[in-house]
Amino acid sequence: MAVGKYKGEKVNDAKNKVKADMIADNEAFVYFEPTEEVISRSGDNCIVAYCDQWYVKYGQADWQKLVMDHVKSDKFNSYNPSILKAFIEAIEWLKEWAVSRNFGA
């Protein structure tokens, strides 16, 4: 880890400590995936992946302002005006989004 409470520790060693801290501080909660067959309301089989998952609250005003300020700054180069427009539109509509990772941070 490069910063924070566990600075100097390997990410693999600090990951569970950070998770425990976040749960203890009510900044996160444990989320479980179904362990057996899931059928939708329309009767279709649902395919569910079992992996760590959490939600990022992209709709928080402070997060949106921070990201929007960066995207609109000289530090951000989208290389194409249509890409910049797409970023801005996504930041404006994004509220909560599931984040799934099988590896990495």
| said: Could you check whether atom CG of Asn12 has more than 12 heavy atoms from other residues, nucleotides or ligands sitting under 6.0 Å from it? | reply: no

| All side-chain contact (heavy atoms from CB on, under 4.5 Å) counterparts of Asp44, not counting sequence neighbours | Ser40, Ser42

Going by atom type alone, with no hydrogens or angles, which donor-acceptor pairs under 3.5 Å involve a side-chain atom of residues 81-89 and a protein atom two or more places apart or on another chain?
unit_1: Ser82; atom_1: OG; unit_2: Asn80; atom_2: OD1; d: 2.7
unit_1: Lys85; atom_1: NZ; unit_2: Glu89; atom_2: OE2; d: 2.9

| field | Test item: Glu37 side-chain N/O and Asn45 main-chain N/O as donor-acceptor pair under 3.5 Å | value | no

| request: Using the test ring pair (Phe, Tyr, Trp, His ring centres under 6.0 Å), find all partners of Tyr6 that sit at least two apart in sequence or belong to another chain. | output: none

| message | Holding to side-chain contact (heavy atoms from CB on, under 4.5 Å), I want the full list of residues that pass it with Asp13, two or more places apart in sequence or in another chain. | response | Glu9, Lys10

| query | So, for Val11 and Met1, which heavy atoms are closest and what is the spacing to 0.1 Å? | reply | CG2-SD, 3.8 Å

| task | Could you tell me which non-hydrogen atom of Met68 sits nearest to which non-hydrogen atom of Ile91, and how far apart they are? | result | CE-CG2, 3.6 Å

| Qualifying residues under side-chain contact (heavy atoms from CB on, under 4.5 Å), relative to Lys7, sequence neighbours excluded | none

| remark: Residues pairing under side-chain hydrogen bond (donor to acceptor under 3.5 Å, both in side chains) where one sits in residues 66-77, two or more places apart or in two chains, turn out to be Lys65-Asp69

| With sequence neighbours left out, what residues match Val30 under side-chain contact (heavy atoms from CB on, under 4.5 Å)? | Ile23, Phe32

